[in-house]
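Contents: one structure, followed by commentary.
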There are 4 protein chains.
Amino acid sequence: MVYNEKQLAIMEAAEALFAEQGFNGTSVRDIAEKAAVNLAMISYYFGSKEKLLEAIFEYRGEMIKVKLEGIIQHPGATALEKVNLLVDHYIDKIFLQQAFHRVLAREQVLHNNPDISALILKMKKTNQELIAKLIHEGQKKGEFKKNVDIPMMMTTMMGTANFLVTSKHYYKELSNLQSLSEDEFEKHIRKKLNQHLKNIFKNILTNE
Amino acid sequence: MVYNEKQLAIMEAAEALFAEQGFNGTSVRDIAEKAAVNLAMISYYFGSKEKLLEAIFEYRGEMIKVKLEGIIQHPGATALEKVNLLVDHYIDKIFLQQAFHRVLAREQVLHNNPDISALILKMKKTNQELIAKLIHEGQKKGEFKKNVDIPMMMTTMMGTANFLVTSKHYYKELSNLQSLSEDEFEKHIRKKLNQHLKNIFKNILTNE
Amino acid sequence: MVYNEKQLAIMEAAEALFAEQGFNGTSVRDIAEKAAVNLAMISYYFGSKEKLLEAIFEYRGEMIKVKLEGIIQHPGATALEKVNLLVDHYIDKIFLQQAFHRVLAREQVLHNNPDISALILKMKKTNQELIAKLIHEGQKKGEFKKNVDIPMMMTTMMGTANFLVTSKHYYKELSNLQSLSEDEFEKHIRKKLNQHLKNIFKNILTNE
Amino acid sequence: MVYNEKQLAIMEAAEALFAEQGFNGTSVRDIAEKAAVNLAMISYYFGSKEKLLEAIFEYRGEMIKVKLEGIIQHPGATALEKVNLLVDHYIDKIFLQQAFHRVLAREQVLHNNPDISALILKMKKTNQELIAKLIHEGQKKGEFKKNVDIPMMMTTMMGTANFLVTSKHYYKELSNLQSLSEDEFEKHIRKKLNQHLKNIFKNILTNE
DNA sequence: AATGAATGAGAATTCATTCAT
DNA sequence: TATGAATGAATTCTCATTCAT
């Protein structure tokens with residue numbers, strides 16, 4: 001699926017608004033206004049508000065897949081280094097596409113739309129398969145322990161990162177970091193999160 | 001604040017529906033029907049749909065506070081044992097009040113309503129202060145390491161647990177556990193999560 | 001089903017507008033304006049525009065049934081006299097409720113709404129059964145011929161009357177009666193139609 | 001007016017859809033799709049949806065006129081035979097062009113569009129003049145009675161035939177002919193209608 | 001001659017809330 | 001205290017038509 005400029009503008013505007021106000025809290029009017037397109041264009045291009053959401057999921061899902069596929073094939077790296085690379089990339093991704101991950105965080109709680117649920121499941125499966133490959137590679141080489149609960153590990157990575165991104169506003173106050181600028185603060189928590197997750201993973205994967 | 005039976009019925013119905021369909025996806029008609037009260041009662045008792053949500057947060061926040069205060073004062077237990085108790089209780093709580101935690105997970109992403117945001121912040125602060133007390137106690141006794149990133153630890157506990165609860169539907173499929181009944185599956189993931197978090201915390205708090 | 005004043009006002013307004021402009025050609029806005037009620041009342045009372053149409057059919061169908069039941073039980077009249085009475089009444093009805101019969105004429109051509117189709121069929125069945133009763137009575141007494149095609153007879157009565165009512169505008173010009181006032185013209189065609197149908201029926205029922 | 005292939009395709013598609021769903025119930029999108037032409041072609045060729053309807057009326061009106069003119073000049077036939085021929089032809093026409101007659105039946109009830117009304121009136125006048133010619137011929141020859149209500153006679157022919165065609169769906173059920181195939185049923189009612197109308201006309205025109 | 005893209009107007013419906021009782 | 005009736009505002013979506021190409 002290739003999208004033209006207007007379609008991309010609509011998708012971006014919608015993503016940002018869905019992240020801020022939720023799907024139901026966002027009207028197609030808002031989206032049209034933000035994307036600076038005619039109201040009717042949204043139905044014209046996507047059919048409905050729901051279909052627009054699906055298009056966003058499909059689009060981002062495809063992007064994520066392409067990105068992750070690159071990571072796994074990194075040459076000349078140990079399994080643990082690759083896991084660390086994965087953490088780096090996952091954190092990069094989640095911070096770069098905060099809007100989309102907010103939408104994802106919100107929508108995965110609901111199961112109103114089976115098409116969206118299917119897309120989310122597909123995305124998660126792709127992620128999981130990639131990580132599983134990495135872990136198994138490390139286990140074969142003897143780098144990692146045998147019994148590793150991969151789904152729970154993923155849950156920790158995604159859960160922690162998601163929670164941090166979606167509630168960073170609260171985190172800032174709880175850590176008394178109100179003095180930092182938004183950029184400084186973001187840099188700070190990215191670094192913290194990175195170390196934190198790598199620590200946890202190293203422990204889970206290698207400590208006896 | 002003391003609520004009468006009808007008010008509690010409304011709050012429970014609303015909580016369940018907000019968890020399922022989101023705040024904006026739920027109409028006061030739905031709530032009135034589910035709670036078997038007159039449509040106008042909701043405005044009458046709570047003023048508005050938003051105020052109803054606030055009441056739910058306030059109510060649940062108070063319940064959580066009371067519960068957690070009990071935990072910290074558990075006599076004759078090491079700091080690590082108390083931390084483990086805390087994990088037990090947090091997991092109990094999140095599974096028992098899944099509806100509320102779904103609402104919380106959804107609403108913390110948005111910052112539309114400053115009153116709600118303030119309530120969430122207050123709740124988080126209370127939690128954090130409790131854990132901080134525990135950790136400092138352990139540090140004083142020499143049980144725990146000096147440099148512990150408490151907010152990040154909390155983020156992992158809440159993020160992982162939240163993520164698991166809100167996306168358990170996907171977890172079931174990703175782990176090929178479709179054959180388990182809902183109850184069996186829930187028991188299974190509670191146990192896994194419990195071990196998983198305790199492991200992580202032990203490592204964070206004690207390993208050098 | 002008992003309707004309150006506002007509901008009746010809506011139904012009357014809708015009937016008139018549907019007759020003039022067709023169902024799809026009439027907006028709920030038009031109806032609300034004509035009935036002098038709030039726009040949302042229509043959804044509130046009837047659920048939707050379609051359901052409103054159904055309500056009209058049901059209401060009129062019931063009225064027709066009640067009326068016709070009276071005719072058949074007219075005491076001390078020959079079968080032919082009763083048939084003539086029926087013609088009188090049918091013509092009265094069709095002229096008095098021209099709006100409804102226009103709607104009926106339009107909607108019976110379409111089969112979009114199965115509920116409406118079912119209501120129309122029911123109405124027609126009731127009519128047919130009544131006439132069949134009359135004819136059979138006359139046949140038993142030896143007043144009428146044996147082989148009478150009752151559905152075709154009804155088709156002629158209804159078709160002719162309907163066609164006249166719905167296209168009286170054209171009839172006026174074709175008969176060069178433009179000089180007559182609307183009332184005079186209507187009186188004129190009612191009389192003509194009455195004689196015409198009675199003639200045809202007498203011939204069908206009695207001539208060998 | 002000569003139409004090219006695409007124009008004819010549009011008109012045919014439109015006629016069929018107008019017959020099924022009514023004028024307002026049919027969108028130009030539907031027509032374009034059914035006719036397999038570009039959406040904008042309809043405005044391009046006909047100017048508007050209304051003008052397209054007018055074109056259909058004009059086109060069919062012309063066809064009817066040409067056909068009927070042939071009938072009247074049938075050589076070596078009595079006036080009654082010619083009337084019978086006319087009935088044959090009218091029934092043929094109405095069954096062959098059911099779609100158009102459904103549109104006609106629906107639209108003659110409305111008077112929204114004066115151009116359409118004018119076209120219908122013209123069509124009816126042409127028909128009427130033809131029949132009047134026939135009847136007067138028969139009256140001159142002494143075959144027919146003097147006082148014949150020609151407009152009412154036409155009303156019966158058209159009303160009965162129209163009503164049968166537009167409500168044949170109901171007629172089938174009312175006559176308990178559900179077991180017949182669509183073709184058999186149509187053959188059956190055409191025959192019935194033919195005899196029925198000829199009977200009525202014979203009686204009107206010749207009986208004293 | 002033909003069309004894909006675009007749009008303003010208007011459609012039906014749902015919503016949270018109010019108010020007289 | 002409780003509620004049925006009512007409503008204004010806002011919702012999503014579809015429509016016939018236009019226009020640059």
Side-chain angles (χ1 to χ4, degrees), chain A residues 4-7 9-10 14 23-32 35-53, chain B residues 4-7 10 14 23-32 36-53, chain C residues 4-7 10 14 21 23-32 35-53, chain D residues 4-7 10 14 23-32 36-53:
Chain A
N4 66 32
E5 236 172 77
K6 257 187 191 173
Q7 286 169 312
I10 291 169
F23 178 76
N24 284 306
T26 303
S27 73
V28 289
R29 263 195 166 70
D30 296 340
I31 300 168
V37 301
N38 180 282
L39 176 65
M41 288 267 53
I42 287 160
S43 295
Y44 178 70
Y45 275 133
F46 296 94
S48 69
K49 206 174 91 170
E50 284 242 312
K51 293 263 186 66
L52 168 57
L53 180 61
Chain B
N4 65 34
E5 235 172 79
K6 260 186 189 172
Q7 286 170 312
I10 292 169
F23 178 76
N24 283 305
T26 303
S27 73
V28 288
R29 266 194 161 68
D30 295 340
I31 300 168
V37 301
N38 180 280
L39 175 63
M41 289 268 53
I42 289 160
S43 295
Y44 180 70
Y45 273 135
F46 296 93
S48 70
K49 202 173 101 172
E50 286 240 312
K51 293 264 184 64
L52 167 58
L53 180 61
Chain C
N4 65 34
E5 238 172 76
K6 256 184 193 175
Q7 287 170 312
I10 291 169
Q21 312 171 340
F23 177 76
N24 284 306
T26 303
S27 73
V28 289
R29 265 196 164 65
D30 297 339
I31 299 168
V37 300
N38 179 282
L39 176 63
M41 288 268 52
I42 288 160
S43 294
Y44 179 70
Y45 274 133
F46 296 95
S48 70
K49 205 174 93 171
E50 285 240 313
K51 292 264 184 67
L52 167 58
L53 180 60
Chain D
N4 67 32
E5 233 171 81
K6 260 185 190 174
Q7 287 169 312
I10 292 169
F23 178 76
N24 283 306
T26 302
S27 72
V28 288
R29 267 195 161 66
D30 295 340
I31 299 168
V37 301
N38 179 281
L39 175 63
M41 289 267 52
I42 288 160
S43 295
Y44 181 69
Y45 274 135
F46 296 95
S48 70
K49 204 174 101 173
E50 286 241 312
K51 292 266 183 63
L52 167 58
L53 179 61

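Throughout, protein chains are lettered first and strands after them, A, B, ... in sequence-line order, and every chain is numbered starting at 1. Predicted model only: the values in this text are computed from it and were never measured. These numbers come from the heavy atoms of this one structure, side chains and all, not from hydrogens, waters or symmetry mates.
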Task: Distance, rounded to the nearest Å, where D:Phe46 contributes CZ and E:dA2 contributes P - done: 13 Å
TODO: Specify the closest pair of heavy atoms between D:Gly25 and C:Asn24, including all atoms of both residues, with the distance to one decimal.
DONE: CA-ND2, 3.5 Å
Task: Considering all heavy atoms, the nearest A:Ala9-A:Ala35 contact - done: O-CB, 3.6 Å
- [ ] Can you sort out the partners of B:Ser43 under side-chain contact (heavy atoms from CB on, under 4.5 Å), two or more places apart, ordered by chain and number?
- [x] none
Task: Counterpart residues, side-chain hydrogen bond (donor to acceptor under 3.5 Å, both in side chains), relative to C:Ser27 (two or more places apart) - done: C:Asp30
Task: D:Lys49 side chain, from C-beta outward: closest of E:dA16, F:dC13, F:dT17 - done: F:dT17
Open item on the list: Quick check: on DNA chain E, is the nucleotide nearest C:Asp30 upstream (toward 5') of the one nearest C:Gly47, or the reverse? Name the residue that is more 5'.
Closed with: C:Asp30
Open item on the list: Using a 4.0 Å heavy-atom cut-off, does C:Ser27 contact any base of the nucleic acid, only the sugar-phosphate backbone, or nothing at all?
Closed with: sugar-phosphate
- [ ] Grab the CG-C1' distance between D:Asn24 and E:dA11 for me, whole Å please.
- [x] 12 Å
Task: Gap between atoms CG and P, on B:Leu52 and E:dT17 respectively (whole Å) - done: 10 Å
Task: With B:Leu52 via side-chain contact (heavy atoms from CB on, under 4.5 Å) - residues at least two apart - done: B:Ile10, B:Met11, B:Ala14, B:Ile31, B:Ile42, B:Phe46, B:Ile56
Open item on the list: What is the distance, to the nearest angstrom, from the NZ atom on B:Lys51 to the P atom on E:dA16?
Closed with: 16 Å
- [ ] Could you pull out the closest heavy-atom pair between C:Thr26 and C:Gln21, with the gap in Å?
- [x] OG1-OE1, 3.4 Å
TODO: Starting at the 5' end of DNA chain F, write a dot or bracket for each base, bracketing those in Watson-Crick or G-U wobble pairs whose two distances are under 3.5 Å and using | for partners on another strand.
DONE: .||||||||||||||||||||
TODO: Quick one: list whatever passes side-chain contact (heavy atoms from CB on, under 4.5 Å) with D:Lys51, sequence neighbours left out.
DONE: D:Ser48, D:Glu54
Task: D:Glu5 side, atom CD; D:Gln7 side, atom CD - distance, nearest 0.5 Å - done: 11.0 Å
Task: B:Phe23 CZ to E:dC15 P, straight-line distance once rounded to whole Å - done: 13 Å
Task: Minimum heavy-atom distance between B:Val37 and B:Lys6, given as atom pair plus value - done: CG1-CG, 4.1 Å
Open item on the list: On DNA chain F, does the nearest nucleotide to D:Ser48 precede the nearest nucleotide to A:Glu50 from the 5' side, or the other way round? Give the residue.
Closed with: A:Glu50
Open item on the list: How would you summarise protein contacts on nucleotides 2-8 of chain F per nucleotide, using B for base, S for sugar-phosphate only and - for none, with heavy-atom distances below 4.0 Å?
Closed with: BBBBBBB
